Number of protein chains: 2
Amino acid sequence: MKYIEKLRNSGLRPTKQRLQICEVLFNRDKTFHFTINELEQRIKKHTDNKISLATIYNTIHAFEKKGYLKQIPINSNQTYFDTNVTDHHHFYDLKDEKLIDLEKSDVGPINILRKIDGKKIKSVEVLVKLED
Amino acid sequence: MKYIEKLRNSGLRPTKQRLQICEVLFNRDKTFHFTINELEQRIKKHTDNKISLATIYNTIHAFEKKGYLKQIPINSNQTYFDTNVTDHHHFYDLKDEKLIDLEKSDVGPINILRKIDGKKIKSVEVLVKLED
DNA sequence: CACTTTTTTAGAATCATTATAAACTGCAAA
DNA sequence: TTTGCAGTTTATAATGATTCTAAAAAAGTG
Ligand SMILES: [Mn+2]
Ligand SMILES: [Mn+2]
Ligand SMILES: [Zn+2]
Ligand SMILES: [Zn+2]
């Protein structure tokens with residue numbers, strides 16, 4: 001399958017579990033946002049054999065470290081992940097607790113004028129909270 | 001004292017505990033960022049009689065609801081609060097796990113061009129992650 | 001196949017946060 | 001000033017997302 005290479009190239013053994021999680025995460029047209037809980041449900045539907053929760057956590061963290069996923073900073077009791085690892089911003093619908101991608105062109109360039117000695121900017125993220 | 005009015009006006013009884021927490025939070029020159037844990041330590045140092053952790057949580061949530069504090073969206077295992085409730089942005093030092101305020105002028109105006117039907121923008125926050 | 005290393009897994013542990021329910025307190029009406 | 005009560009505090013238990021553990025299984029290597 002097409003994810004075996006991807007995993008091997010990043011030094012991760014292409015196990016049955018990881019390949020199934022790849023299918024759920026990456027074999028789709030659009031990127032999406034998810035919590036571990038939501039992912040667990042999707043995996044249950046998608047595949048017959050069960051993957052333990054510990055493995056889901058392990059895999060997500062491995063994928064995040066490799067840059068295949070990123071965490072989105074939101075105040076929620078659960079951590080949100082994003083399969084869109086490009087530089088982009090978010091709407092957060094406070095009522096539905098749903099994230100929506102904003103393209104860079106939806107926000108325009110952001111220029112951070114202040115510098116901190118000895119530190120480099122790693123990322124610049126905008127979170128736009130929405131209410132009714 | 002000066003916080004009795006403030007509390008009364010927002011429908012909160014000015015109890016000894018709330019007044020002491022007000023002192024720790026608001027009786028200072030500069031605003032600051034904190035976790036509940038860090039606040040607990042400050043309270044211990046500042047005052048003789050102990051305030052239960054439950055009361056600290058209760059009070060912080062009450063103050064947040066009244067708009068005297070706000071939560072900052074960060075991916076941490078603890079929730080961060082801010083005594084600076086004006087519209088502003090943040091640096092987040094990934095190594096030290098410390099927040100630094102950015103003035104609006106440090107970032108410049110942000111124009112959200114995309115609209116979502118039936119939703120209003122409640123806030124626009126920029127998080128700039130810093131690494132060494 | 002024989003061997004090493006990585007991965008999976010069930011279950012336990014952790015720990016920030018929230019819930020509970022009994023005691024206490026601020027406050028206003030009597 | 002007393003009384004009554006809603007609001008508040010508190011110790012403690014419960015919750016729940018996440019991480020840890022250590023043993024079993026699977027993958028890679030030759
Ligand atoms: Mn959080
Ligand atoms: Mn978080
Ligand atoms: Zn996204
Ligand atoms: Zn701040």
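Every heavy atom of this structure was used, including side-chain atoms; hydrogens, water molecules and symmetry mates were not. Here is the naming used below: chain letters follow the sequence lines, and residue numbers restart at 1 for every chain. The model shown is predicted, which means the values in this text are computed figures rather than measured ones.
Taking 4.0 angstrom as the limit, A:T79 places none of its side-chain polar atoms (N or O) nearer than this to OP1 or OP2 of D:dA17. Side-chain nitrogen and oxygen atoms of B:Y57 include none within less than 4.0 Å of the OP1 or OP2 phosphate oxygen of C:dT18. Between B:H61 and C:dT17, a side-chain N or O to OP1/OP2 separation shorter than 4.0 Å is absent.
Regarding A:N77, its CG atom lies at a distance of 19 Å from the P atom of C:dC15, rounded to whole Å. Rounding to whole angstrom units, CD of residue A:Q78 and P of C:dA16 are separated by 18 Å. If you take CZ of A:F34 and P of D:dA17, they are 16 Å apart, rounded to a whole angstrom. If you take CD of A:Q41 and P of D:dA17, they are 11 Å apart, rounded to a whole angstrom. Atoms CG (A:N58) and P (D:dA22) sit 16 Å apart, rounded to a whole Å. The CD-P distance, from B:E40 to D:dT10, rounds to 12 Å in whole Å. Rounded to whole Å, atom P of D:dA17 lies 16 Å from atom CG of B:N75. Here the P atom of nucleotide D:dT19 and the CG atom of A:N37 are 14 Å apart, to the nearest Å.
Residue whose closest nucleotide on DNA chain C sits further toward the 5' end, between B:L53 and A:T59: A:T59.
The aromatic rings of A:Y68 and A:F63 stand perpendicular to each other, their planes meeting at an angle above 60°, with 30° marking the opposite boundary.
Side-chain atoms of B:Q17 and B:N58, non-hydrogen and from C-beta on, never get closer than 4.5 Å to each other. Between A:Y92 and A:K98 there is no side-chain heavy-atom pair separated by less than 4.5 Å. Residues B:D101 and B:H33 meet the side-chain proximity criterion, which asks for heavy atoms closer than 4.5 Å. Taking the side chain as every heavy atom from C-beta outward, B:K6 and B:F26 approach each other to under 4.5 Å. Contact of the B:E40 side chain with the B:L53 side chain is registered, since non-hydrogen atoms from C-beta on lie closer than 4.5 Å.
Within a 6.0 Å radius of NZ in A:K115, other residues, nucleotides and ligands contribute more than 12 heavy atoms.
A heavy atom lying under 4.0 Å from DNA chain D marks the following residues of residues 5-24 of chain A, by number: A:R8, A:R13, A:P14.
With axes fitted over five pairs at each extremity, the angle between the ends of the helix from C:dC1-D:dG30 to C:dA30-D:dT1 is 30° (10° resolution).
For B:K50, the listed nucleotide lying nearest its side chain is D:dA11; candidates were D:dA11, C:dA16, D:dT18. Listed nucleotides: C:dT8, C:dG11, D:dT10. Nearest to the side chain of A:T55: C:dT8.
By the 4.0 Å N-to-carboxylate-O rule, B:E103 lies too far from A:R114 to be salt-bridged with it. A salt bridge is absent between B:K120 and A:D132: the closest approach of a Lys/Arg side-chain nitrogen to an acidic carboxylate oxygen does not fall below 4.0 angstrom.
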